[in-house]
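As the structure is a computational prediction, the values presented were derived from the model and not from experiment.
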2 protein chains.
Amino acid sequence: MFYLVILGTAGSGKSTLTSTLYEWLLDHELTATTVNLDPGVEELPYVPDVDIREFVDVHDVMSKFKLGPNGALIVSIDLLASYINEINMLINDIGSDYVIIDTPGQMEIFAFRDIGPYVISNIARGKTCIIYLTDSFFARSPSQFASVMLLTASTQFRFNKPQINVLSKSDLLSRNDIERTLMWIDDPETLSNAIEEEVRGINRELSLALANLISHLATVSQLIPISSIKNEGIDELYAGMQRILCAGEDYFTE
Amino acid sequence: MFYLVILGTAGSGKSTLTSTLYEWLLDHELTATTVNLDPGVEELPYVPDVDIREFVDVHDVMSKFKLGPNGALIVSIDLLASYINEINMLINDIGSDYVIIDTPGQMEIFAFRDIGPYVISNIARGKTCIIYLTDSFFARSPSQFASVMLLTASTQFRFNKPQINVLSKSDLLSRNDIERTLMWIDDPETLSNAIEEEVRGINRELSLALANLISHLATVSQLIPISSIKNEGIDELYAGMQRILCAGEDYFTE
(Lines give C-alpha, C1' and ligand atoms only; values in the text may rest on other atoms or scores of the structure.)
Protein backbone atom coordinates (compact mmCIF):
# COMPACT_ATOMS: atom_id res chain seq x y z
CA MET A 1 0.00 0.00 0.00
CA PHE A 2 1.18 3.48 -0.90
CA TYR A 3 0.09 6.43 1.22
CA LEU A 4 -0.64 9.89 -0.15
CA VAL A 5 -1.03 12.56 2.52
CA ILE A 6 -2.79 15.73 1.33
CA LEU A 7 -1.69 18.81 3.27
CA GLY A 8 -2.23 22.53 2.78
CA THR A 9 -3.71 25.62 4.38
CA ALA A 10 -7.48 26.14 4.78
CA GLY A 11 -9.15 26.46 1.40
CA SER A 12 -6.16 25.32 -0.65
CA GLY A 13 -8.20 22.51 -2.23
CA LYS A 14 -7.24 19.41 -0.21
CA SER A 15 -10.63 17.69 -0.46
CA THR A 16 -11.01 18.50 -4.14
CA LEU A 17 -7.59 17.02 -4.89
CA THR A 18 -8.43 13.93 -2.80
CA SER A 19 -11.51 13.42 -4.93
CA THR A 20 -9.67 14.12 -8.23
CA LEU A 21 -6.80 11.75 -7.38
CA TYR A 22 -9.22 9.03 -6.31
CA GLU A 23 -11.07 9.21 -9.63
CA TRP A 24 -7.82 9.37 -11.57
CA LEU A 25 -6.44 6.24 -9.87
CA LEU A 26 -9.67 4.32 -10.49
CA ASP A 27 -9.68 5.41 -14.13
CA HIS A 28 -6.17 3.93 -14.40
CA GLU A 29 -7.29 0.56 -13.03
CA LEU A 30 -5.76 1.07 -9.62
CA THR A 31 -7.60 0.76 -6.32
CA ALA A 32 -7.71 3.55 -3.76
CA THR A 33 -9.10 4.21 -0.28
CA THR A 34 -10.09 7.73 0.79
CA VAL A 35 -9.58 8.67 4.43
CA ASN A 36 -11.07 11.86 5.87
CA LEU A 37 -9.19 13.03 8.98
CA ASP A 38 -11.07 16.34 9.37
CA PRO A 39 -13.56 16.05 12.26
CA GLY A 40 -14.90 19.54 11.48
CA VAL A 41 -15.66 19.29 7.77
CA GLU A 42 -19.34 19.71 6.87
CA GLU A 43 -19.36 18.61 3.23
CA LEU A 44 -16.92 16.65 1.09
CA PRO A 45 -16.74 16.27 -2.70
CA TYR A 46 -16.17 12.50 -2.24
CA VAL A 47 -17.62 9.76 -0.05
CA PRO A 48 -14.79 8.80 2.34
CA ASP A 49 -14.17 5.08 2.80
CA VAL A 50 -12.81 5.83 6.27
CA ASP A 51 -14.15 8.88 8.09
CA ILE A 52 -12.92 10.29 11.41
CA ARG A 53 -16.37 11.87 11.86
CA GLU A 54 -17.70 8.43 12.72
CA PHE A 55 -15.51 8.59 15.84
CA VAL A 56 -15.24 12.32 16.60
CA ASP A 57 -17.97 14.88 16.04
CA VAL A 58 -16.94 18.49 16.51
CA HIS A 59 -20.49 19.56 17.37
CA ASP A 60 -20.61 16.92 20.13
CA VAL A 61 -17.23 18.17 21.38
CA MET A 62 -18.57 21.75 21.51
CA SER A 63 -21.56 20.80 23.62
CA LYS A 64 -19.93 18.05 25.71
CA PHE A 65 -16.87 20.10 26.71
CA LYS A 66 -18.72 23.46 26.56
CA LEU A 67 -16.18 24.84 24.07
CA GLY A 68 -16.34 27.53 21.40
CA PRO A 69 -15.48 26.66 17.79
CA ASN A 70 -11.73 27.36 18.20
CA GLY A 71 -11.33 25.15 21.24
CA ALA A 72 -13.63 22.45 19.87
CA LEU A 73 -11.60 22.14 16.67
CA ILE A 74 -8.37 21.79 18.62
CA VAL A 75 -9.80 19.17 21.00
CA SER A 76 -11.43 17.24 18.13
CA ILE A 77 -8.14 17.06 16.25
CA ASP A 78 -6.32 15.95 19.38
CA LEU A 79 -8.93 13.19 19.83
CA LEU A 80 -7.85 11.80 16.44
CA ALA A 81 -4.90 10.15 18.12
CA SER A 82 -7.23 7.84 20.09
CA TYR A 83 -8.64 6.27 16.93
CA ILE A 84 -5.45 5.43 15.04
CA ASN A 85 -5.93 1.68 15.55
CA GLU A 86 -9.53 1.77 14.33
CA ILE A 87 -8.54 3.80 11.28
CA ASN A 88 -5.67 1.45 10.46
CA MET A 89 -7.93 -1.59 10.77
CA LEU A 90 -10.45 -0.08 8.39
CA ILE A 91 -7.71 0.85 5.90
CA ASN A 92 -6.16 -2.61 6.06
CA ASP A 93 -9.52 -4.35 5.65
CA ILE A 94 -10.04 -2.49 2.38
CA GLY A 95 -6.48 -3.23 1.28
CA SER A 96 -6.21 -1.02 -1.82
CA ASP A 97 -3.15 0.01 -3.87
CA TYR A 98 -3.31 3.62 -2.64
CA VAL A 99 -4.55 5.24 0.55
CA ILE A 100 -5.34 8.95 0.14
CA ILE A 101 -5.37 10.77 3.47
CA ASP A 102 -7.25 14.09 3.49
CA THR A 103 -6.16 16.15 6.51
CA PRO A 104 -7.98 18.73 8.68
CA GLY A 105 -9.09 22.01 7.06
CA GLN A 106 -6.85 24.16 9.18
CA MET A 107 -3.33 22.86 8.82
CA GLU A 108 -1.99 24.89 11.73
CA ILE A 109 -3.77 22.97 14.48
CA PHE A 110 -2.77 19.66 12.88
CA ALA A 111 0.65 20.05 11.25
CA PHE A 112 2.21 22.72 13.44
CA ARG A 113 1.53 20.95 16.70
CA ASP A 114 2.78 17.47 17.60
CA ILE A 115 -0.47 15.74 16.66
CA GLY A 116 -0.09 15.88 12.84
CA PRO A 117 3.34 14.28 12.51
CA TYR A 118 2.35 11.72 15.18
CA VAL A 119 -0.88 10.70 13.47
CA ILE A 120 0.64 10.59 10.00
CA SER A 121 3.63 8.51 11.05
CA ASN A 122 1.26 6.03 12.74
CA ILE A 123 -1.19 5.73 9.88
CA ALA A 124 1.05 6.07 6.83
CA ARG A 125 3.40 3.23 7.77
CA GLY A 126 4.43 2.20 4.26
CA LYS A 127 5.88 4.20 1.40
CA THR A 128 4.46 7.67 1.76
CA CYS A 129 4.36 10.83 -0.30
CA ILE A 130 3.16 14.13 1.12
CA ILE A 131 1.33 16.30 -1.38
CA TYR A 132 1.41 19.87 -0.19
CA LEU A 133 -1.04 22.33 -1.76
CA THR A 134 -0.55 26.05 -2.20
CA ASP A 135 -3.41 28.09 -3.58
CA SER A 136 -2.06 29.85 -6.71
CA PHE A 137 -3.97 32.98 -5.74
CA PHE A 138 -1.67 33.46 -2.75
CA ALA A 139 1.51 33.08 -4.81
CA ARG A 140 0.91 36.00 -7.15
CA SER A 141 3.67 38.43 -6.22
CA PRO A 142 7.35 37.65 -5.54
CA SER A 143 7.03 38.24 -1.78
CA GLN A 144 3.82 36.19 -1.59
CA PHE A 145 5.53 33.42 -3.52
CA ALA A 146 8.49 33.57 -1.13
CA SER A 147 6.08 33.40 1.80
CA VAL A 148 4.21 30.33 0.53
CA MET A 149 7.43 28.53 -0.41
CA LEU A 150 8.76 29.12 3.11
CA LEU A 151 5.54 27.64 4.46
CA THR A 152 5.91 24.54 2.27
CA ALA A 153 9.52 24.21 3.41
CA SER A 154 8.37 24.52 6.99
CA THR A 155 5.96 21.60 6.48
CA GLN A 156 8.70 19.57 4.88
CA PHE A 157 10.83 19.90 8.01
CA ARG A 158 7.85 19.07 10.26
CA PHE A 159 7.00 15.76 8.59
CA ASN A 160 10.43 14.72 7.30
CA LYS A 161 8.90 12.76 4.43
CA PRO A 162 9.22 13.03 0.65
CA GLN A 163 6.98 15.89 -0.43
CA ILE A 164 5.60 17.14 -3.72
CA ASN A 165 4.53 20.76 -3.76
CA VAL A 166 1.49 21.55 -5.81
CA LEU A 167 0.31 24.96 -7.00
CA SER A 168 -3.43 24.33 -6.87
CA LYS A 169 -6.15 26.20 -8.78
CA SER A 170 -3.54 27.05 -11.40
CA ASP A 171 -6.45 28.19 -13.60
CA LEU A 172 -6.50 31.35 -11.42
CA LEU A 173 -3.15 32.40 -12.91
CA SER A 174 -2.38 33.13 -16.55
CA ARG A 175 0.04 30.88 -18.41
CA ASN A 176 2.57 33.74 -18.29
CA ASP A 177 2.21 34.05 -14.52
CA ILE A 178 2.75 30.31 -14.09
CA GLU A 179 5.84 30.40 -16.28
CA ARG A 180 7.21 33.40 -14.40
CA THR A 181 6.61 31.60 -11.10
CA LEU A 182 8.43 28.48 -12.27
CA MET A 183 11.31 30.66 -13.50
CA TRP A 184 11.64 32.16 -10.00
CA ILE A 185 12.48 28.65 -8.83
CA ASP A 186 14.96 27.86 -11.56
CA ASP A 187 16.89 31.09 -11.25
CA PRO A 188 17.44 32.43 -7.71
CA GLU A 189 18.84 35.71 -9.07
CA THR A 190 15.56 36.46 -10.91
CA LEU A 191 13.49 35.82 -7.77
CA SER A 192 15.84 37.81 -5.59
CA ASN A 193 15.67 40.78 -8.01
CA ALA A 194 11.88 40.54 -8.21
CA ILE A 195 11.60 40.57 -4.39
CA GLU A 196 13.93 43.56 -4.12
CA GLU A 197 11.86 45.44 -6.70
CA GLU A 198 8.68 44.74 -4.75
CA VAL A 199 9.74 45.02 -1.10
CA ARG A 200 10.99 48.40 0.01
CA GLY A 201 14.45 48.34 1.54
CA ILE A 202 14.94 44.59 1.73
CA ASN A 203 18.39 43.38 2.65
CA ARG A 204 20.15 42.05 -0.48
CA GLU A 205 21.83 39.16 1.33
CA LEU A 206 18.55 38.06 2.87
CA SER A 207 16.67 38.07 -0.44
CA LEU A 208 19.46 36.03 -2.05
CA ALA A 209 19.59 33.56 0.85
CA LEU A 210 15.85 33.13 0.50
CA ALA A 211 15.93 32.64 -3.27
CA ASN A 212 18.76 30.14 -2.88
CA LEU A 213 16.83 28.12 -0.34
CA ILE A 214 13.78 28.00 -2.61
CA SER A 215 15.91 26.90 -5.52
CA HIS A 216 17.57 24.12 -3.45
CA LEU A 217 14.17 23.00 -2.19
CA ALA A 218 12.96 22.62 -5.75
CA THR A 219 15.71 20.11 -6.45
CA VAL A 220 14.23 17.82 -3.78
CA SER A 221 10.51 18.68 -3.97
CA GLN A 222 9.03 19.56 -7.34
CA LEU A 223 6.45 22.32 -7.76
CA ILE A 224 3.62 21.18 -10.01
CA PRO A 225 0.81 23.50 -11.14
CA ILE A 226 -2.53 21.65 -11.17
CA SER A 227 -6.10 22.58 -11.89
CA SER A 228 -8.91 20.25 -10.88
CA ILE A 229 -11.36 22.37 -12.91
CA LYS A 230 -9.33 22.12 -16.11
CA ASN A 231 -8.10 18.65 -15.14
CA GLU A 232 -4.50 19.77 -15.72
CA GLY A 233 -1.34 18.57 -14.02
CA ILE A 234 -2.66 15.32 -12.56
CA ASP A 235 -0.60 13.14 -14.93
CA GLU A 236 2.51 15.06 -13.92
CA LEU A 237 1.60 14.77 -10.24
CA TYR A 238 1.19 11.00 -10.63
CA ALA A 239 4.59 10.76 -12.34
CA GLY A 240 6.13 12.69 -9.43
CA MET A 241 4.44 10.37 -6.92
CA GLN A 242 5.75 7.34 -8.77
CA ARG A 243 9.32 8.63 -8.68
CA ILE A 244 9.02 8.95 -4.91
CA LEU A 245 7.03 5.81 -4.14
CA CYS A 246 8.67 3.35 -6.51
CA ALA A 247 12.26 4.51 -6.76
CA GLY A 248 12.98 3.86 -3.10
CA GLU A 249 14.42 7.30 -2.60
CA ASP A 250 15.45 8.50 0.79
CA TYR A 251 13.98 11.63 2.23
CA PHE A 252 15.28 14.84 0.73
CA THR A 253 17.93 13.22 -1.48
CA GLU A 254 17.77 13.21 -5.22
CA MET B 1 0.71 56.11 18.46
CA PHE B 2 2.84 52.98 18.09
CA TYR B 3 1.23 49.73 17.01
CA LEU B 4 2.27 46.31 18.26
CA VAL B 5 0.76 43.41 16.33
CA ILE B 6 0.87 40.08 18.14
CA LEU B 7 0.99 37.12 15.74
CA GLY B 8 1.64 33.42 16.18
CA THR B 9 0.10 29.99 15.72
CA ALA B 10 -2.78 28.72 17.85
CA GLY B 11 -1.73 28.34 21.47
CA SER B 12 1.58 30.18 21.13
CA GLY B 13 0.60 32.65 23.86
CA LYS B 14 -0.63 35.73 21.95
CA SER B 15 -3.28 36.77 24.49
CA THR B 16 -0.97 36.17 27.45
CA LEU B 17 1.73 38.35 25.86
CA THR B 18 -0.86 41.05 25.08
CA SER B 19 -1.81 41.10 28.74
CA THR B 20 1.84 41.02 29.95
CA LEU B 21 2.91 43.82 27.59
CA TYR B 22 -0.08 45.95 28.59
CA GLU B 23 0.78 45.66 32.28
CA TRP B 24 4.46 46.28 31.58
CA LEU B 25 3.74 49.48 29.63
CA LEU B 26 1.42 50.78 32.38
CA ASP B 27 4.04 49.99 35.03
CA HIS B 28 6.46 52.13 33.03
CA GLU B 29 4.08 55.09 32.98
CA LEU B 30 3.06 54.65 29.38
CA THR B 31 -0.51 54.36 28.14
CA ALA B 32 -1.73 51.40 26.09
CA THR B 33 -4.90 50.23 24.35
CA THR B 34 -5.63 46.51 23.94
CA VAL B 35 -7.49 45.42 20.81
CA ASN B 36 -8.89 41.91 20.47
CA LEU B 37 -9.36 40.90 16.82
CA ASP B 38 -10.33 37.27 17.52
CA PRO B 39 -14.09 36.85 17.02
CA GLY B 40 -13.87 33.24 18.22
CA VAL B 41 -12.04 33.60 21.51
CA GLU B 42 -14.02 32.54 24.58
CA GLU B 43 -11.86 33.88 27.40
CA LEU B 44 -9.06 36.43 27.55
CA PRO B 45 -6.51 37.13 30.30
CA TYR B 46 -7.13 40.89 29.86
CA VAL B 47 -10.18 43.12 29.36
CA PRO B 48 -9.87 44.43 25.80
CA ASP B 49 -10.45 48.17 25.32
CA VAL B 50 -11.59 47.44 21.77
CA ASP B 51 -13.19 44.06 21.07
CA ILE B 52 -14.20 42.68 17.67
CA ARG B 53 -16.68 40.42 19.48
CA GLU B 54 -18.91 43.46 19.95
CA PHE B 55 -19.33 43.49 16.17
CA VAL B 56 -18.90 39.86 15.14
CA ASP B 57 -20.02 36.87 17.16
CA VAL B 58 -18.87 33.49 15.88
CA HIS B 59 -21.81 31.69 17.49
CA ASP B 60 -24.24 34.04 15.70
CA VAL B 61 -22.36 33.38 12.44
CA MET B 62 -22.72 29.62 12.96
CA SER B 63 -26.48 29.80 13.42
CA LYS B 64 -27.20 32.66 10.98
CA PHE B 65 -25.22 31.17 8.06
CA LYS B 66 -25.80 27.54 9.14
CA LEU B 67 -22.07 26.86 9.25
CA GLY B 68 -19.89 24.40 11.14
CA PRO B 69 -17.06 25.69 13.35
CA ASN B 70 -14.48 25.70 10.52
CA GLY B 71 -16.61 27.72 8.14
CA ALA B 72 -17.92 30.01 10.88
CA LEU B 73 -14.40 30.95 11.97
CA ILE B 74 -13.40 31.78 8.40
CA VAL B 75 -16.51 33.88 7.75
CA SER B 76 -16.16 35.66 11.12
CA ILE B 77 -12.59 36.62 10.39
CA ASP B 78 -13.54 37.83 6.92
CA LEU B 79 -16.27 39.98 8.51
CA LEU B 80 -13.52 41.81 10.44
CA ALA B 81 -12.81 43.90 7.36
CA SER B 82 -16.25 45.54 7.58
CA TYR B 83 -15.51 47.03 10.98
CA ILE B 84 -12.11 48.61 10.38
CA ASN B 85 -13.54 52.15 10.58
CA GLU B 86 -15.32 51.47 13.86
CA ILE B 87 -12.19 49.88 15.34
CA ASN B 88 -10.03 52.81 14.25
CA MET B 89 -12.47 55.32 15.73
CA LEU B 90 -12.45 53.53 19.07
CA ILE B 91 -8.63 53.33 19.05
CA ASN B 92 -8.28 57.01 18.18
CA ASP B 93 -10.79 58.08 20.82
CA ILE B 94 -8.65 56.41 23.49
CA GLY B 95 -5.47 57.90 22.01
CA SER B 96 -2.81 56.02 23.99
CA ASP B 97 0.96 55.74 23.43
CA TYR B 98 0.76 52.10 22.34
CA VAL B 99 -1.94 50.04 20.66
CA ILE B 100 -1.53 46.30 21.21
CA ILE B 101 -3.38 44.25 18.61
CA ASP B 102 -4.11 40.65 19.58
CA THR B 103 -4.91 38.62 16.45
CA PRO B 104 -7.16 35.58 15.82
CA GLY B 105 -6.26 32.29 17.52
CA GLN B 106 -5.62 30.45 14.31
CA MET B 107 -3.07 32.43 12.36
CA GLU B 108 -3.62 30.49 9.16
CA ILE B 109 -7.11 31.82 8.39
CA PHE B 110 -5.95 35.37 9.17
CA ALA B 111 -2.32 35.78 8.13
CA PHE B 112 -2.10 33.30 5.26
CA ARG B 113 -5.08 34.67 3.39
CA ASP B 114 -5.45 38.25 2.15
CA ILE B 115 -7.54 39.37 5.13
CA GLY B 116 -4.73 39.59 7.72
CA PRO B 117 -2.30 41.85 5.84
CA TYR B 118 -5.29 43.96 4.67
CA VAL B 119 -6.73 44.46 8.16
CA ILE B 120 -3.35 45.13 9.77
CA SER B 121 -2.26 47.66 7.16
CA ASN B 122 -5.58 49.50 7.64
CA ILE B 123 -5.54 49.53 11.42
CA ALA B 124 -1.84 49.86 12.21
CA ARG B 125 -1.30 53.01 10.15
CA GLY B 126 1.55 54.49 12.19
CA LYS B 127 4.89 53.03 13.23
CA THR B 128 4.29 49.31 13.63
CA CYS B 129 6.18 46.37 15.01
CA ILE B 130 5.03 42.81 14.50
CA ILE B 131 5.76 40.52 17.43
CA TYR B 132 5.73 36.93 16.21
CA LEU B 133 5.46 34.18 18.80
CA THR B 134 6.82 30.68 18.53
CA ASP B 135 6.05 28.21 21.30
CA SER B 136 9.43 27.00 22.63
CA PHE B 137 8.03 23.49 22.93
CA PHE B 138 7.82 23.24 19.14
CA ALA B 139 11.40 24.39 18.59
CA ARG B 140 13.08 21.58 20.53
CA SER B 141 14.95 19.69 17.83
CA PRO B 142 17.03 21.12 14.97
CA SER B 143 14.44 20.19 12.31
CA GLN B 144 11.58 21.56 14.44
CA PHE B 145 13.55 24.75 14.97
CA ALA B 146 14.15 25.01 11.22
CA SER B 147 10.44 24.49 10.62
CA VAL B 148 9.33 27.21 13.04
CA MET B 149 11.93 29.67 11.76
CA LEU B 150 10.69 29.09 8.20
CA LEU B 151 7.18 29.82 9.42
CA THR B 152 8.29 33.08 11.05
CA ALA B 153 10.10 34.03 7.84
CA SER B 154 6.96 33.23 5.90
CA THR B 155 4.97 35.65 8.09
CA GLN B 156 7.63 38.30 7.63
CA PHE B 157 7.18 38.14 3.86
CA ARG B 158 3.38 38.22 4.20
CA PHE B 159 3.21 41.41 6.25
CA ASN B 160 6.36 43.20 5.05
CA LYS B 161 6.76 45.02 8.34
CA PRO B 162 9.52 45.10 10.95
CA GLN B 163 9.17 41.94 13.02
CA ILE B 164 10.57 40.69 16.30
CA ASN B 165 10.51 36.94 16.75
CA VAL B 166 9.81 35.73 20.24
CA LEU B 167 10.40 32.26 21.64
CA SER B 168 7.46 32.13 24.06
CA LYS B 169 7.12 29.92 27.14
CA SER B 170 10.90 29.78 27.32
CA ASP B 171 10.46 28.26 30.80
CA LEU B 172 9.61 25.01 28.96
CA LEU B 173 13.23 24.74 27.79
CA SER B 174 16.33 24.46 29.96
CA ARG B 175 18.86 27.27 29.91
CA ASN B 176 21.18 24.96 27.95
CA ASP B 177 18.50 24.31 25.35
CA ILE B 178 17.88 28.03 24.94
CA GLU B 179 21.59 28.71 24.54
CA ARG B 180 21.93 25.90 22.01
CA THR B 181 18.96 27.31 20.08
CA LEU B 182 20.46 30.81 19.99
CA MET B 183 23.78 29.32 18.84
CA TRP B 184 22.01 27.65 15.91
CA ILE B 185 21.16 31.17 14.72
CA ASP B 186 24.62 32.63 15.21
CA ASP B 187 26.44 29.83 13.45
CA PRO B 188 24.77 28.36 10.34
CA GLU B 189 27.32 25.52 10.19
CA THR B 190 26.28 24.29 13.66
CA LEU B 191 22.61 24.28 12.73
CA SER B 192 23.27 22.63 9.41
CA ASN B 193 25.31 19.88 11.09
CA ALA B 194 22.63 19.37 13.75
CA ILE B 195 19.92 19.02 11.09
CA GLU B 196 22.02 16.53 9.12
CA GLU B 197 22.58 14.49 12.26
CA GLU B 198 18.85 14.38 12.95
CA VAL B 199 17.27 14.07 9.52
CA ARG B 200 18.06 10.93 7.57
CA GLY B 201 19.58 11.56 4.16
CA ILE B 202 19.09 15.29 4.00
CA ASN B 203 20.76 17.06 1.12
CA ARG B 204 23.84 18.95 2.41
CA GLU B 205 23.31 21.97 0.16
CA LEU B 206 19.69 22.29 1.26
CA SER B 207 20.52 22.16 4.97
CA LEU B 208 23.22 24.82 4.50
CA ALA B 209 20.91 27.05 2.43
CA LEU B 210 18.33 26.76 5.19
CA ALA B 211 20.79 27.53 7.99
CA ASN B 212 22.11 30.51 6.03
CA LEU B 213 18.63 31.92 5.55
CA ILE B 214 17.89 31.59 9.27
CA SER B 215 21.13 33.31 10.12
CA HIS B 216 20.43 36.20 7.69
CA LEU B 217 16.93 36.54 9.06
CA ALA B 218 18.31 36.93 12.56
CA THR B 219 20.27 39.99 11.46
CA VAL B 220 16.99 41.72 10.60
CA SER B 221 14.59 40.15 13.11
CA GLN B 222 15.90 39.26 16.55
CA LEU B 223 14.84 36.09 18.37
CA ILE B 224 14.06 36.83 22.01
CA PRO B 225 13.20 34.09 24.52
CA ILE B 226 10.44 35.25 26.88
CA SER B 227 8.49 33.70 29.71
CA SER B 228 5.32 35.35 30.97
CA ILE B 229 5.30 32.96 33.95
CA LYS B 230 8.83 33.85 35.03
CA ASN B 231 8.41 37.41 33.73
CA GLU B 232 11.62 37.05 31.73
CA GLY B 233 12.60 38.71 28.47
CA ILE B 234 10.03 41.53 28.49
CA ASP B 235 12.66 44.24 29.06
CA GLU B 236 14.63 42.90 26.11
CA LEU B 237 11.49 42.72 23.98
CA TYR B 238 10.72 46.36 24.83
CA ALA B 239 14.27 47.38 23.88
CA GLY B 240 13.85 45.58 20.54
CA MET B 241 10.52 47.33 19.95
CA GLN B 242 12.09 50.69 20.68
CA ARG B 243 14.87 50.11 18.19
CA ILE B 244 12.24 49.47 15.52
CA LEU B 245 9.67 52.09 16.50
CA CYS B 246 11.94 54.98 17.38
CA ALA B 247 14.95 54.57 15.14
CA GLY B 248 12.96 55.11 11.95
CA GLU B 249 14.33 51.97 10.40
CA ASP B 250 13.09 50.75 7.06
CA TYR B 251 11.69 47.29 6.71
CA PHE B 252 14.27 44.52 6.71
CA THR B 253 17.32 46.78 6.71
CA GLU B 254 19.72 47.04 9.56
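Ranked by non-hydrogen atom pairs under 4.5 Å with chain A, the options B:Asp114, B:Asn212, B:Val41 are led by B:Asp114. Between chain A and the options B:Ser143, B:Ser215, B:Ser154, B:Ser76, heavy-atom pairs under 4.5 Å are most frequent for B:Ser154. In terms of non-hydrogen atom pairs under 4.5 Å with chain B, the most contact-rich of A:Ile109, A:Ile74, A:Leu67 is A:Ile109. With chain A as the partner, the residue from B:Pro69, B:Ser207, B:Gly11 showing the most heavy-atom pairs under 4.5 Å is B:Pro69.
Residue contact with chain A, scored on non-hydrogen atoms closer than 4.5 Å, involves the backbone and the side chain of B:Leu151 alike. Neither the backbone nor the side chain of B:Met149 comes within less than 4.5 Å of any heavy atom in chain A. Proximity to chain A is limited to the side chain of B:Glu42, based on heavy atoms less than 4.5 angstrom apart. Proximity to chain B involves both the backbone and the side chain of A:Leu213, based on heavy atoms less than 4.5 angstrom apart. Proximity to chain A (any heavy atom under 4.5 Å) is shown, for B:Ala72, by neither the backbone nor the side chain. With a threshold of 4.5 angstrom between heavy atoms, B:Ile195 approaches chain A through side-chain atoms but not through N, CA, C or O. Heavy atoms closer than 4.5 Å to chain A are found nowhere in B:Phe145, neither backbone nor side chain.
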Side chain to side chain donor-acceptor pair (under 3.5 Å), that's the test. Do B:Gln156 and B:Ser221 meet it? Break it down for me.
CA-CA 9 Å; B:Gln156 176 107 46; B:Ser221 339; 2.7 Å; yes
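A salt bridge does not link A:Lys14 to A:Asp102: none of the charged nitrogens lies less than 4.0 Å from a carboxylate oxygen. Ion pairing of B:Asp78 with B:Arg113 is present here, as a side-chain N (NZ or NE/NH1/NH2) and a carboxylate O approach within less than 4.0 Å. Note on A:Arg204 versus A:Glu189: salt bridge recorded, some NZ/NE/NH1/NH2 to OD/OE distance being below 4.0 Å.
Nearest heavy atoms, B:Gly105 versus A:Glu108: O-OE2, 3.7 Å.
Of the possible donor and acceptor atoms, none in the side chain of A:Ser168 sits under 3.5 Å from a partner among the backbone N and O of A:Leu133.
The side-chain contact (heavy atoms from CB on, under 4.5 Å) with B:Cys129 is formed by just one residue from the set B:Met241, B:Lys161, B:Gln163; it is B:Met241.
Heavy-atom contacts from other residues, nucleotides or ligands closer than 6.0 Å to OH of A:Tyr118 number 12 or fewer.
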